[in-house]
Amino acid sequence: GAVVSQHPSWVICKSGTSVKIECRSLDFQATTMFWYRQFPKQSLMLMATSNEGSKATYEQGVEKDKFLINHASLTLSTLTVTSAHPEDSSFYICSSTGSYTFGSGTRLTVV
Amino acid sequence: SQQGEEDPQALSIQEGENATMNCSYKTSINNLQWYRQNSGRGLVHLILIRSNEREKHSGRLRVTLDTSKKSSSLLITASRAADTASYFCATVQGGKLIFGQGTELSVKP
């Protein structure tokens, strides 16, 4: 079946640095990907939809300059958290839009 | 918020008992899905029920859908400690997969 590979699974970074999270569709082509953020004990909140070859669509309240999304190929979508701060610490997870397949998630801790 | 509501928010039961979780949503749907998430892990797709279906089974899972009430339920029968996880319903709204608040299920051995 469809597999989405997400890396890294966890990352600790210093405040002010940027972190890139990758999601790859391994055996299918994903023209769009959903990116979610999940705080402890809460549900998944959709942040944005990445579109291959065009700009991502961001949800209301999500800073597009802070959460840079790139979908340069049919198999790779990336989320870069720029100038990360402790409040950005969260669980980030991607999903292909067609197959309802999720990556394993990335635990980001900003110290 | 576009998110639906789930209840209960937390449920603690003994192994062997049945667990029922409910989900309500706000818009018209083509289908509703249930997912499972173990602590700090990714999501596992459990079951999809279409809007023209009223009930669907998969192993120990039974899902119902009432489109007139915009609600769905997930029943896990003969629960096991390994069923301990968070369970979320999700619907597609405007092409986006939107999740409910989730139910945290704890099954005690």
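Here is the naming used below: chain letters follow the sequence lines, and residue numbers restart at 1 for every chain.
Side-chain atoms of A:Ser43 come within 3.5 Å of backbone atoms of B:Gly100 as a donor-acceptor pair (strictly under, hydrogens ignored).
Atom CZ of B:Arg41 has 12 or fewer heavy atoms from other residues, nucleotides or ligands within 6.0 Å. Counting non-hydrogen atoms of neighbouring residues, nucleotides and ligands closer than 6.0 angstrom, the CZ atom of B:Arg60 exceeds 12 such neighbours.
Taking CG of B:Leu97 as the reference point, atom CG of A:Leu44 lies at 9.0 Å (rounded to 0.5 Å). Atom OG1 of residue A:Thr49 and atom NZ of residue B:Lys96 lie 6.0 Å apart, to the nearest 0.5 angstrom. With values rounded to the nearest 0.5 angstrom, B:Ile98 atom CD1 is found 6.0 Å from A:Tyr36 atom OH.
Criterion: ILVMFWY side-chain heavy atoms under 4.5 Å apart, direct or through other members. Under it, B:Ile47 and B:Leu75 are not part of a common hydrophobic cluster. A:Val4 and B:Leu43 are not part of a single hydrophobic cluster, where members link through side-chain heavy atoms under 4.5 Å apart. Clustering ILVMFWY residues whenever any of their side-chain heavy atoms sit less than 4.5 angstrom apart, transitively, puts A:Met47 in a cluster other than the one holding B:Tyr35. Residue A:Phe34 is not grouped with residue A:Tyr58 when hydrophobic side chains (ILVMFWY) are merged at heavy-atom distances under 4.5 angstrom, including chains of intermediate members. A:Ile21 and A:Ile93 fall into different hydrophobic clusters, where Ile, Leu, Val, Met, Phe, Trp and Tyr are joined by side-chain heavy atoms under 4.5 Å apart, directly or via other members.
Nearest heavy-atom pair, A:Phe91 versus B:Gln37, reported as atom, atom and distance to 0.1 Å: CE2-NE2, 3.7 Å.
Less than 6.0 angstrom separates the ring centroid of A:Phe102 from the ring centroid of B:Phe99.
Interface remark: B:Gln9 contributes no atoms to any contact with chain A (heavy atom separation under 4.5 Å). Only the side chain of A:Gln38 comes within contact range of chain B, judged by heavy atoms closer than 4.5 Å.
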Side chain to side chain contact (heavy atoms under 4.5 Å, CB included) evaluation trace for B:Gln101 with A:Gln42: CA-CA 7 Å; B:Gln101 298 295 327; A:Gln42 294 188 22; 6.0 Å; no

